[in-house]
**Q** 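Handing you a structure now.
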Amino acid sequence: MGYDFKASEEKWQRIWEDKKVFRARDFDEKPKFYALVEFPYPSGAGMHVGHIKAYSGLEVLTRKRRKEGYNVLFPIGFDAYGLPTENYAIKTGIHPRKVTDMNIAKFTSQLKKVGYSFDWDRVIDTTEEGYYKWTQWIFLKMFEHGLAFRDKTLVNYCPSCKVVLSNEDSQGGKCDICHSDIIQKSKDVWYLRITAYADKLLQGLDEVDFLPNIRLQQENWIGRSTGAFVNFGVRGTDEKLRIYTTRPDTLFGVTFMVMAPEHPMLDKYKSMIGNWDEVEAYRAECAKKTEFERTQLVKDKTGVRLSGFTAVNPVSGKEIPVFISDYVMMGYGTGAIMAVPAHDQRDYDFAKKFGVDIIEVIKGGDISVEAYPGDGEMVNSDFLNGLTDKKTSIAVMCEKLETLGVGEKGVQYKMKDWAFNRQRYWGEPIPIVYCDDCGMVPVPYDELPLKLPPMENFAPGSDGESPLAKVESFVNCTCPKCGKKARRETDTMPQWAGSSWYFLRYIDPHNDKALADPEKLKYWGQVDWYNGGMEHVTRHLIYSRFWHKFLYDIGVVPTSEPYKKRTAQGLILGPDGVKMSKSRGNVVDPNEVVDELGADVLRTYVLFMGDYEKAAPWSKESVRGCKRFIDRVWGLLDMVTPETEYSKKLEAAFHRTVKKVSEDIEDLKYNTAIAALMTLLNAIYDEGSVTKKELETFIGLLNPIAPHVTEEMNERLGNTELLATSPWPTWDDAKCVENEIEIAVQVNGKVRDKIVIPADADADAAIAAAKEAKGVLAFTEGKTFVKELYVKGRLVNLVVK
RNA sequence: GCUGGUGUGGCGGAAUUGGCAGACGCCCGAGACUUAAAAUCUCGUUCAAGCAAUUGAGUACCGGUUCGAUCCCGGUCACCAGCACCA
């Protein structure tokens, strides 16, 4: 009788839900295990196969953990604020709340149909008042501690649509909607001072177990560099032109300086600069370029040499020319650099184009051809001459700078403060009030959540304002401090806000007194294992570590790092080997697979298709192979004998497979775990029968991967305890080996025959047997043995002449 | 450009303290069952030569170390990812 996957999957999903089999219990005596997967954005398109692969990994691990006796927390929720929902609402007129609820309902039913063992009593939705109340609460705490602040920035702005655009919506310098030229506009925006945590975020990486490439990406993102700040003089003034450099040792090679076009000092000395109109023209040209263009295009160096404005090297006293150029960014360092063309390729290119001197200060390269960034003996450098060690030269120079009072050691980060606002409706309102007398005043904690007001039209407001600016009843309020008339902040928080602390809310999702009960936070502690996509290992992962570290510093959470371990799954590509996308038409819908072949097949396939951490293309044919596997497993029911022990023939194979599957699951090697089960299944079919004990072990191992079919089989075997809660199979190392083994016999490194010997045979016995082997004699006849090796359990190698 | 990673059959991929390359699955071929097809089962399936036993070649390419190299070392090429004028 064939396996009716539809009826079986529905049946077991209902039983799991009714009995709350996968509920996590606060304060249970069992050891706890907290596994986290990245919660989905509930888009209208429904689930993607990528979600299935991402969730199936830890799904298997947590099902194994429960069988091993752990109290497992494996939650799911929805990261539901965001642009697609808002755009859909603008287009259709349906309220984002309604759209979100519909999409969440759809995702929930789809997730349940795959049979995931989530704790459905802990579902969270970042757009719910009970949730975003605490997102706002954390924001206010940050505001209190000076970590949330307002500052000017340049934004991409479309003067025709009057909206602020993201870099993605403004590529090529044109507005995506009306195609008019985009300008860079100065605007006051909210920032979170993540740079204050740069060193903590870097050091914290030592405490956690992240995959090496994930750790590296975080380090690069933070981008710490050490060097020195140096104050150059400005001829004819008391002004200091401050720069940052990682190579203070090359100070004697400075032949010019470059300032960012936006550098504020330029305006201050406008009257000194003889060619001001040239400066203004260049600035206008740069302002037109988006940040995207300015950094993406590697192009010819452009710039303007300032006339009448020169700098003075504070160590050598030499007068040097100053340029402005857009290869120097206002956002990094001090917005100005000392240029050492002999030892920096960018400065070299610039010097060649503008005819500036190039002075060698480090020997070793050929500066008539290109810059030499390497190490070597210092020359033309006064007190540094003759030094060969970079570190020493830098240290000597820094000391000199400090003695002269013209500079000091310094540290810089690539990471910038986090621009924390959007001019959009569907996000958490920023709970701040502007009062003419009191300035920025936080909304009192007991008035949280500051609710999103009901609205009809969610299109962005005019002049780059949020749609909320149009709602008078929301904007106009009284100052919580003095009671006078005041205005509310109308910007909302960015997408990343709600996901920066969601893992804490799962621990106590319904608490209305605190973001979570401290005792529960202590019980569940760190997330033991967090799996998600590579695309989130910089932004989301850093942002949430930052929030967590802040909450730790103010005593809200008990650990300094949120995640003990982080891994990432590889993408599922389309059948054509390219990333899935609607426009390519190569998207695979997981729901169709569930309907046609069953959830167990889908789960097995996404784990079997290849290395879990690497990208692999979807193959419709290979999915069928997994279907065959599941059906063959079901077929075992027709072969059961009542014995309650392993059969002699298969005992070692069973012990080996239990070991292999147990270890592979811990290591994200699901593909080889499943392959081992397939191999064992083939061996059973070769035998033609399976004992009850054997079958129970087999379905026990397969249960986390294919829970429905195995649960059904377990029931048919007459067992009343759910497989999901019965113990994980064990193995005995001593029983993993066969009595007799087959080894290869090589002559001069080439395999010539195979022999069967007792597993415990010693070298002499193995070599003696090997010399007799038929395939070997032909190659050793009439030769002398030079060397004879036996690698235990592997092979014999006979070296002859 | 920089940093990291990868390169194995027709395809997805196994195998590393240096020890039988190609596990497992897909595709493909042959056979069994069937009125037939599907499904299922059995066998074969790296390439080349041979009816065959077998022999030779083979883990991107070139070279080295070793009794023995997919694995270690040196060089070259290709692809992927992240960062990208970061001073």
Side-chain angles (χ1 to χ4, degrees), chain A residues 2 212-221 223-225 227-228 243-248 250 257-258 260 294-299 301 325-329 331-340 343-347 349-350 412-416 534-535 537-538 570-571 573 575 577 604-605 608-611 613-629 631-632 635 669 671-682 685 742-754 774-775 778 786-800:
Chain A
N213 53 335
I214 294 177
R215 181 189 173 133
L216 197 75
Q217 272 196 39
Q218 294 220 342
E219 285 170 349
N220 290 343
W221 179 269
R224 186 179 201 269
S225 82
I243 61 97
Y244 173 73
T245 178
T246 54
R247 297 298 302 272
T250 61
M257 316 269 299
V258 186
R294 220 173 124 170
T295 55
Q296 286 291 314
L297 304 171
V298 180
K299 54 189 181 331
K301 298 276 180 289
S325 172
D326 67 355
Y327 84 91
V328 173
M329 244 77 47
Y332 183 79
T334 62
I337 62 159
M338 65 177 214
V340 186
H343 305 290
D344 181 289
Q345 193 59 42
R346 292 155 308 170
D347 298 346
D349 295 342
F350 194 88
Q412 280 293 299
Y413 304 92
K414 285 188 193 175
M415 185 169 71
K416 295 176 188 162
M534 267 324 271
E535 69 275 21
V537 307
T538 45
L571 282 179
L573 306 172
T604 306
Y605 177 65
F608 180 64
M609 62 193 296
D611 184 334
E613 294 173 57
K614 286 196 194 131
W618 185 270
S619 157
K620 213 175 169 168
E621 290 75 30
S622 291
V623 182
R624 291 216 60 86
C626 292
K627 168 75 174 160
R628 250 171 243 152
F629 170 63
D631 286 343
R632 267 162 70 83
K669 288 164 83 175
N671 54 337
T672 49
I674 293 167
L677 287 167
M678 288 174 168
T679 307
L680 183 59
L681 182 68
N682 290 340
Y685 266 80
E742 189 189 63
I743 63 164
V745 183
Q746 297 181 334
V747 179
N748 290 346
K750 287 202 167 173
V751 179
R752 294 302 180 183
D753 207 344
K754 294 182 178 181
K774 207 174 75 193
V786 181
K787 205 165 185 180
E788 298 159 358
L789 297 113
Y790 173 55
V791 183
K792 193 158 171 50
R794 300 283 186 169
L795 53 64
V796 169
N797 189 13
L798 304 170
V799 185
V800 298

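What you see is a predicted model, and the numbers here were worked out from it, not measured in a lab. Chain naming here is simple, since letters A, B, ... match the order of the sequence lines and numbering starts at 1 in each.
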**Q** Answer yes or no for A/Lys301 and A/Tyr327: cation-pi contact, defined as NZ/CZ to six-membered ring centre under 6.0 Å and angle to ring axis within 45°.
**A**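 The answer is yes, since A/Lys301 meets both limits relative to A/Tyr327.
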**Q** For A/Tyr244 versus A/Gly333, what's the shortest heavy-atom pair and its separation?
**A**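 A/Tyr244 and A/Gly333 have their closest heavy atoms at CB-CA, 4.3 Å.
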**Q** Checking base pairs now: Watson-Crick or wobble, both atom distances under 3.5 Å. What partners B/rC47?
**A**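 Check on B/rC47: paired to B/rG56, both distances under 3.5 Å.
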**Q** Counting only side-chain N and O atoms of A/Arg752, is one of them less than 4.0 Å from OP1 or OP2 of B/rG56?
**A**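 For A/Arg752, the contact criterion (side-chain N or O under 4.0 Å from OP1 or OP2 of B/rG56) is met.
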**Q** Is B/rG63 paired to anything, Watson-Crick or G-U wobble with both distances less than 3.5 Å, and if yes, which nucleotide?
**A** B/rC73
**Q** In whole Å, what is the span from the CD atom of A/Glu613 to the C1' atom of B/rG13?
**A** 15 Å
**Q** Just checking A/Gln345: base, sugar-phosphate only, or nothing, at a heavy-atom cut-off of under 4.0 Å?
**A**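 Answer is nothing: A/Gln345 stays at 4.0 Å or more from every strand.
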**Q** Within the 4.0 Å heavy-atom criterion, would you say A/Asn682 contacts the bases, only the backbone, or no part of the nucleic acid?
**A**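 The answer is sugar-phosphate, as A/Asn682 gets under 4.0 Å only of primed atoms, P, OP1 or OP2.
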**Q** In whole angstrom, give me the gap between the C1' atoms of B/rC71 and B/rC20.
**A** 15 Å
**Q** Hey, does the side chain of A/Asn671 reach the backbone of A/Met609 with a donor-acceptor pair shorter than 3.5 angstrom?
**A** no
**Q** B/rA37 pairs with which nucleotide, Watson-Crick or G-U wobble, both distances below 3.5 Å?
**A**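 Across any shown strand, B/rA37 pairs with none.
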**Q** At 4.0 Å (heavy atoms only), tell me whether A/Val791 reaches a base, stays on the sugar-phosphate, or touches nothing.
**A** base
**Q** Between B/rG25, B/rA87, B/rU3, which nucleotide gets closest to the side-chain atoms of A/Met678?
**A** B/rG25
**Q** Under 4.0 angstrom, heavy atoms only, what part of the nucleic acid is A/Arg632 near: base, sugar-phosphate, or nothing?
**A** sugar-phosphate
**Q** State, yes or no, whether a side-chain contact exists between A/Thr250 and A/Asp344 at a heavy-atom distance under 4.5 Å.
**A**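 A side-chain contact is absent here, since even the closest heavy-atom pair is not under 4.5 Å.
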**Q** So what does A/Arg224 hit on the nucleic acid, given a heavy-atom distance under 4.0 Å: a base, only sugar-phosphate, or nothing?
**A** nothing
**Q** OP1 or OP2 of B/rA87 sitting under 4.0 Å from any side-chain N/O of A/Tyr244?
**A** no
**Q** What does A/Ala615 touch in the nucleic acid at a heavy-atom separation under 4.0 angstrom: a base, only the sugar-phosphate, or nothing?
**A**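 Sugar-phosphate contact only - A/Ala615 comes under 4.0 Å of backbone atoms but never of a base.
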**Q** Tell me, do A/Lys414 and A/Trp221 make a side-chain contact under 4.5 Å, heavy atoms counted?
**A** no
**Q** Report yes or no: does A/Thr672 contribute a side-chain atom to a donor-acceptor pair with the main-chain N or O of A/Lys669 at less than 3.5 Å?
**A** yes
**Q** When the C1' atoms of B/rG1 and B/rG10 are compared, how many Å lie between them, rounded to an integer?
**A** 38 Å
**Q** Using OP1 and OP2 only, check whether a side-chain N or O of A/Asn671 sits under 4.0 Å from B/rA14.
**A** yes
**Q** Between A/Arg247 (CZ) and B/rA87 (P), how many Å, whole number?
**A**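 In whole Å, B/rA87 P and A/Arg247 CZ are 11 Å from each other.
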**Q** Please state the C1' separation for the pair B/rG25 and B/rA78 - nearest whole angstrom.
**A**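 It works out to 28 Å between them.
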**Q** If B/rA15 has a Watson-Crick or G-U wobble mate with both distances under 3.5 Å, name it; if not, just say none.
**A**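 Across all strands, not a single nucleotide pairs with B/rA15.
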**Q** Provide the distance between the two P atoms, one in B/rC80 and one in B/rG75, to the nearest whole Å.
**A** 24 Å
**Q** Using a 4.0 Å heavy-atom cut-off, does A/Gln412 contact any base of the nucleic acid, only the sugar-phosphate backbone, or nothing at all?
**A**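 Touches nothing.
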**Q** At 4.0 Å (heavy atoms only), tell me whether A/Lys750 reaches a base, stays on the sugar-phosphate, or touches nothing.
**A**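 Since only primed, P, OP1 and OP2 atoms lie under 4.0 Å of A/Lys750, the category is sugar-phosphate.
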**Q** Between A/Thr672 and A/Gly331, name the one whose nearest nucleotide on RNA chain B is closer to the 5' end.
**A** A/Thr672
**Q** To the nearest Å, how far apart are A/Lys614 NZ and B/rU8 P?
**A** 10 Å
**Q** When rounded to the nearest Å, what value does the distance between C1' atoms of B/rA23 and B/rG13 take?
**A**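 It works out to 10 Å between them.
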**Q** In this structure, how many angstroms lie between the C1' atom of B/rC80 and the CG atom of A/Asn213, rounded?
**A**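 For the pair A/Asn213 CG and B/rC80 C1', the rounded distance is 13 Å.
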**Q** Figure out the CE/P separation between A/Met609 and B/rG13, and round it to whole Å.
**A**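 About 8 Å, once rounded to whole Å.
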**Q** Round to a whole Å and report the spacing from CG of A/Asp326 to C1' of B/rA87.
**A** 14 Å
**Q** What interatomic distance, in whole Å, is found between C1' of B/rG9 and the corresponding atom of B/rC2?
**A**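 Rounded to whole Å, the distance is 36 Å.
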**Q** Using the C1' atoms only, state how far B/rC51 lies from B/rA57, rounded to an integer number of Å.
**A** 22 Å
**Q** Can you tell me which nucleotide in B/rC67, B/rA21, B/rC83 comes closest to the side chain of A/Val751?
**A** B/rA21
**Q** Any strand counts, and the cut-off is 3.5 Å on both contacts for Watson-Crick or G-U wobble. Which nucleotide pairs with B/rA30?
**A**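 Partner of B/rA30: B/rU42.
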**Q** I'd like the P distance from B/rC61 over to B/rU55, given in whole Å.
**A** 25 Å
**Q** What nucleotide, of B/rU3, B/rC24, B/rA81, holds the atom closest to the side chain of A/Leu216?
**A** B/rU3
**Q** We want to know whether A/Gln217 and A/Asn213 form a side-chain donor-acceptor pair, criterion being a heavy-atom distance below 3.5 angstrom.
**A**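 No.
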**Q** For A/Tyr605 and for A/Glu621, find the nucleotide of RNA chain B with the closest heavy atom, then tell me which residue's nucleotide is more 5'.
**A** A/Tyr605
**Q** Strictly by Watson-Crick or wobble contacts shorter than 3.5 Å, is anything paired with B/rG9, and which nucleotide is it?
**A**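 Per the H-bond distance test, none.
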**Q** Donor-acceptor check, side chain of A/Asp753 to backbone of A/Val745, threshold 3.5 angstrom: yes or no?
**A** no
**Q** Is A/Asp611 touching bases, backbone alone, or none of the nucleic acid, heavy atoms closer than 4.0 Å?
**A** sugar-phosphate
**Q** Where does B/rG9 land, syn or anti, once you apply the within-90°-of-0 test for syn?
**A** syn
**Q** When you measure from the side chain of A/Ser622, which nucleotide among B/rG12, B/rC26, B/rC67 comes out closest?
**A**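 Nearest to the side chain of A/Ser622 among the choices is B/rC26.
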**Q** Let's test this: given Watson-Crick or G-U wobble pairing with both distances under 3.5 Å, identify the partner of B/rA81.
**A**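 Per the H-bond distance test, B/rU3.
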**Q** Indicate, with a heavy-atom threshold strictly under 4.0 Å, whether A/Arg624 touches base, sugar-phosphate, or nothing.
**A**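 Counting heavy atoms under 4.0 Å across all strands, no contact is made by A/Arg624.
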**Q** Send over the distance from A/Lys414 NZ to B/rA84 P, rounded to a whole Å.
**A**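 Checked: the NZ to P distance equals 7 Å.
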**Q** Touch check for A/Leu789, heavy atoms < 4.0 angstrom, all strands: base, sugar-phosphate only, or nothing?
**A** base
**Q** Counting the atoms with a prime plus P, OP1 and OP2 as sugar-phosphate, which does A/Lys620 contact under 4.0 Å by heavy atoms, base, sugar-phosphate, or nothing?
**A** nothing
**Q** Whether A/Arg628 contacts B/rU40 is assessed here as follows: a side-chain N or O lying under 4.0 Å from the phosphate OP1 or OP2. Is that the case?
**A**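 Looking at the OP1 and OP2 atoms of B/rU40, one of them is under 4.0 Å from a side-chain N or O of A/Arg628.
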**Q** Nearest of B/rA87, B/rG25, B/rC20 to any side-chain atom of A/Arg794?
**A** B/rC20
**Q** Whether the side chain of A/Tyr685 engages the backbone of A/Arg632 through a donor-acceptor N/O pair (distance < 3.5 Å, no angle test) should be reported.
**A** yes
**Q** Measure from the side-chain N and O atoms of A/Tyr332 to the backbone N and O of A/Lys416, and report whether any donor-acceptor pair falls under 3.5 Å.
**A**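 Checked: no pair found.
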**Q** Grab the CG-P distance between A/Leu573 and B/rC80 for me, whole Å please.
**A** 12 Å
